[in-house]
Amino acid sequence: MRLSRFFLPILKENPKEAEIVSHRLMLRAGMIRQQAAGIYSFLPLGKRVLDKVCGIIREEQNRSGAVELLMPTIQSADLWRESGRYEAYGKEMLRIEDRHERDLLYGPTNEEMITDIFRSYVRSYKDLPLNLYHIQWKFRDEVRPRFGVMRSREFLMKDAYSFDVDFDAAQTAYHRMFVSYLRTFARCGLKAIPMRADTGPIGGNLSHEFIILASTGESEVFCHRDFLDLAVPGEDVDFADAVSLASVVKTWTTPYAATDEMHDTAAWEALPEGERVAARGIEVGHIFYFGTKYSEAMNAVVTGPDGKDTPVHMGSYGIGPSRLIAAIIEASHDEAGIVWPKSVAPFDVGLINMKPGDADCDAACETIYRELEASGIDVLYDDQETRAGAKFATMDLIGLPMQVIVGPRGAKAGEAEIKVRATGERETIPLGSVVARVSA
Ligand code: 5CA
């Protein structure tokens, strides 16, 4: 992509409304634009990161055996009347009336709709386990939307819903998602800590939040230092092996970890002081087991092995990809801007032509640009006639993992400079080695 053809509305000034660094950097880097309180457009740079994050989520959901579908954003109030949540959900729900005076709502979550889909098609325990997920916009009329896409009113959510014949099978489904979440957040370059959590309006009694430690986090959290060094399962993890899944979950739930709502002061104070981490945290994922809460209310039953009908056991599992982007920035930035982990970077590399119009610079950059694209590397080519300082500042701000800098003197001598964004390391290499160096 040539910068001259891209749409990257960089802000020079710090936006006054942004209270935390991720919000400030997302606005400055031209990733998002607020359209109304807590409602954002994702501009091209932001959209690229969102796609990368959703790609990782999707791969890990699919690996765990979950199956993707897509439900609508608008739901019928009748479904929510069946579960009793239409009234209970309160003011966070955006209620809508259509031209026929039918009550609709903009979905804040999808337990009711997925239960309706399930009950319409599945009859037997033989069709279980089943886990269906989608990645779809949600709306919650938060009292205080703030921090940009971190706590917005309209936000993207990956929500998965599991269906099982009994508690044991449902617990394995919960473990599958638990392990899948560990892998998903690690692949996004984050250390996420599962913490026992409150279930709120979703219901049920088993729940974990996945928390990223960050000083700007909204919740107060408490955990054992051991979490900082626990190994995340590799891609060879066997999602069909209930015993090994349970053992991973045990490892990740044995040390103390709780959000402030679930905090047990006595257990916490029993830990040696040097092993306690009291911090603030960002909730990037939340998983729930709520048994038959919805299936009983909505008559979602399967015939069990004994030939009798039994309400299906369910869980739901959420990740907020839009919030996740903000959390990644909170965890990975410096004074100059964002420092993207490679896996979610909007482009792999930035190519800077220091002097467009200079024959040597143009020739060298065009060749590198072509070759990088041909080898499947996503490159943002700054071909614009702007000051050197502005070029560097923009590249640092948008945080691509690597920069290739071509100036007139270097181009004449057949050389380019490589800069690694995270470390600031620089090296000069022959033009002919750039593609190999960038792909390494
Ligand atoms: N139905 C369940 C699980 S699918 C559910 O709705 N869970 S939730 O309420 O915890 O939301 C799931 C995830 O969505 C959260 O962990 C968070 O990452 C994201 N999320 C929730 N509210 C917001 C918000 N206002 N802005 C951005 N992301 C949000």
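Start at 1 and go down the list; that is how both ligands and their atoms are numbered. Quick note: numbers below take in every heavy atom, side chains included, and nothing from hydrogens, waters or symmetry partners. This structure is a prediction, so every number in the text was calculated from the model and none was measured.
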- line: Sorted by chain and residue number, the residues with a non-hydrogen atom under 4.0 Å of ligand 1 are T109, E111, R140, E142, V149, M150, R151, S152, F155, M157, D159, I202, E283, V284, G285, H286, F288, S316, Y317, G318, G320, R323
message: Distance alone, cut at 3.5 Å: any donor-acceptor contact between the side chains of D166 and H313?
response: no
- prompt: Any salt bridge (Lys or Arg N to Asp or Glu O under 4.0 Å) pairs touching residues 248-275, not counting sequence neighbours?
  reply: none
message: Taking the cut-offs as 6.0 angstrom to the six-membered ring centre and 45 degrees off its axis, would you call R276 and W268 a cation-pi pair?
response: yes
- request: Under the salt bridge (Lys or Arg N to Asp or Glu O under 4.0 Å) rule, collect the residues that match up with E92, sequence neighbours excluded.
  value: none
- prompt: Hey, is R119 close enough to E82 for a salt bridge, meaning N to O under 4.0 Å?
  reply: yes
message: Going by salt bridge (Lys or Arg N to Asp or Glu O under 4.0 Å), name the pairs with one or both residues in residues 33-60, residues two or more places apart or in two chains.
response: K47-D51, R48-D378, R58-E68, E59-R187, E60-R63, E60-R183, E60-R187
